[in-house]
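Encoded as structure tokens, the structure appears first; notes follow it.
Every chain is numbered from 1, with letters handed out A, B, ... down the list of sequences.
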Amino acid sequence: MKLYNTLSGRLEEFVPADADEVKMYVCGVTPYSSTHVGHALSYVVFDTLRRYLEYTGYKVRHVQNFTDVDDKIIQRAQESGVSEDDLVDEFIGDYFHAMDALNIQRAAEYPRATREIPRILDAIAGLIDRGHAYPAAGDVYFRVTSKDDYGKLSHRTLDSMIAGARIQVDENKEHPMDFVLWKGAKPGEPSWESPWGPGRPGWHIECTAMSLEYLGEQLDIHGGGQDLVFPHHENEIAQSECYTGAKPFSRYWMHNGLLQLGSDKMSKSLGNLVSVADALEEFTPDAMRLYFLSSHYRSPLAYSDEGAAAVERSLERVRHALTPGNGSGPQVDAAEHRARFTAAMEDDLNTPQAVAVLFDLARDINRGRDAGQSIDDGQSTLRELGDVLGLTFAERVSSASELAAAPFIDLLVSVRTELRAARQFALADQIRDSLAEQGVALEDSAQGTQWQYQSPS
RNA sequence: GGCGACGUAGCCAAGUGGACUAAGGCGGAGGUCUGCAAAACCUCUAUUCGGCGGUUCGAAUCCGCCCGUCGCCUCCA
């Protein structure tokens, strides 16, 4: 399969170092606030990549970290009067709840920075030994001038970075772009002992230490949002390659485009967040996944309720294609659909085209059913391909109050059936209209009347 | 200021030199079915790809300029 590699800036044929197992590291969240739909987009993308790789026969070892110590966590914990640990546990719980709901497969390991301190200290000490880092006033900094290809991922030079002129000059640093590996403790902050005094790890070094610990010196795929390219991933490369000497640190770097809300990026600092929990109040997990996958992963995606609602409607036809058929004619042939689907996925995970194939297949199944064809081959292919995209095709889950109302709706429907049999259509239609106002949709067919709650739209 | 991405139908969104007389979805119009609906199915819905030049036998696709939108350069998926 071809993948776009941020490092080279072009499409490359994907070949893992070890043909049996793909080593994939995806940057995880800093758990200090609710998981939002921007996170969901990113993790749906990498979950879909993993599912496709597994579909084509690879084993994938997926590792994803939690940055469980950081300025924001400390600040948030102090504001709300809880311990850092409790705060982190709460939002890690929120994260897993959201990811499970979205049918995102769990990683093999979820290392946490605070539980990897010895590995982190080893890495920092090694970098100092090799002349790539230096202690200064309780901190330890990475010496960017010691790596001649620093900037190769984000495709910029040290000079152009400085030209940005938004860097806080710090007199402890040898070079303005040097970044912190170890932060000396300030009063009241969580800290760990180190050869350079008490402190905590910088953001970038944890990923170096954890990927090394759980995946080894070289990764096949390193993923994350495009906002992580610089400085986070650039710095990871610098640390990892200087520490291990193994190049490249990751063979492929993949970055998803960021979710936008209105015209702005959705981000914690802008405060324009839609949480996954809120989104799932209104829309099915399938709709969220399909929404994310209906544009290419490297493009930005503008999130809106209208957009999600349109996707939700589009799913109904696909779900209909999976309802039982009773045709006995020739099977609807789905082999060509599978081939087109695979070709799309092979092309840098072109999920918009893959999704289009799913819609084509659903239409062919529905058409075949109308024509009296057998549709079970088509249906099993539809489920198989849908599963690669993580789609379950499950209906919306009814709330407790909706379940409680069901017997009464059944009663009204059976009364209406009697009325229709007696050709009392005005009354029958009145019942149907009234139920529609309550969000209950009726469908009459030769097999009787079906009803369901309408998804909000 | 530096680096980069993008601009395709009312909306979302693929396609990046010739099979494009431009996928797929939403919305809209008409039809089949139905007591009427709904759902499903059928047909139609961009002679055109931000604008202007250029390269080419041929451009949505390559080059230049202009206009517009967005991202990164600072915590972020």
Protein N or O to nucleotides 27-32 of chain B N or O, pairs below 3.5 Å:
unit_1	atom_1	unit_2	atom_2	d
B:rG27	OP1	A:Arg313	NE	3.0

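- Between B:rG64 and B:rG27, the two P atoms lie 41 Å apart (nearest whole Å).
- The side chain of A:Glu443 has B:rA38 as its nearest neighbour among B:rC72, B:rA77, B:rA38.
- Ion pairing of A:Asp387 with A:Arg383 is absent here, as no side-chain N (NZ or NE/NH1/NH2) approaches a carboxylate O to less than 4.0 Å.
- Within the 3.5 Å criterion, the main-chain N or O of A:Arg251 finds a donor-acceptor partner in the side chain of A:Asn5.
- With contacts defined as side-chain heavy-atom distances shorter than 4.5 Å, the pair A:Arg432/A:Leu442 qualifies.
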Below 3.5 Å is the cut-off: list the nitrogen or oxygen pairs between protein and nucleotides 33-35 of chain B, distance only.
unit_1	atom_1	unit_2	atom_2	d
B:rG35	O6	A:Arg420	NE	3.0
B:rG35	N1	A:Asp429	OD1	3.0
B:rG35	N2	A:Asp429	OD2	2.6

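- Among the atoms of the strands shown, only primed sugar atoms or phosphate atoms (P, OP1, OP2) are found under 4.0 Å from some heavy atom of A:Leu228.
- Side-chain atoms of A:Thr284 and A:Glu312 form a donor-acceptor pair, as typed in the model, at a separation below 3.5 Å.
- For the side chain to side chain contact (heavy atoms under 4.5 Å, CB included) with A:Asp348, the lone residue among A:His296, A:Glu12, A:Met1 that qualifies is A:His296.
- Using a 4.0 Å heavy-atom cutoff across all strands shown, A:Ala310 reaches sugar-phosphate atoms only and no base atom.
- A:Gly223 comes within 4.0 angstrom of no nucleic acid atom, judged by non-hydrogen atoms across all strands.
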Any protein N or O atoms within reach of nucleotides 12-15 of chain B? Criterion: under 3.5 Å, listing atom names and distances.
unit_1	atom_1	unit_2	atom_2	d
B:rA14	OP1	A:His296	N	2.6
B:rA14	O3'	A:Asn350	ND2	3.3
B:rA14	O2'	A:Gln353	NE2	2.9
B:rG15	OP1	A:Asn350	ND2	3.1

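- Going from the C1' atom of B:rG68 to that of B:rA59 covers 22 Å, rounded to whole Å.
- Exactly one residue among A:Asp71, A:Asp139, A:Asp70 makes a salt bridge (charged side-chain N to carboxylate O under 4.0 Å, His left out) with A:Lys183. That residue is A:Asp71.
- Residues A:Ile431 and A:Val415 meet the side-chain proximity criterion, which asks for heavy atoms closer than 4.5 Å.
- A:Gly307 comes within 4.0 angstrom of no nucleic acid atom, judged by non-hydrogen atoms across all strands.
- Judged purely by distance below 3.5 Å, without hydrogens or angles, the side chains of A:Glu234 and A:Ser154 pair a donor atom with an acceptor atom.
- No hydrogens or angles considered: nothing links the side chains of A:Tyr32 and A:Glu84 as a donor-acceptor pair under 3.5 Å.
- Separation of the C1' atoms belonging to B:rU61 and B:rU16 is 4 Å when rounded to the nearest angstrom.
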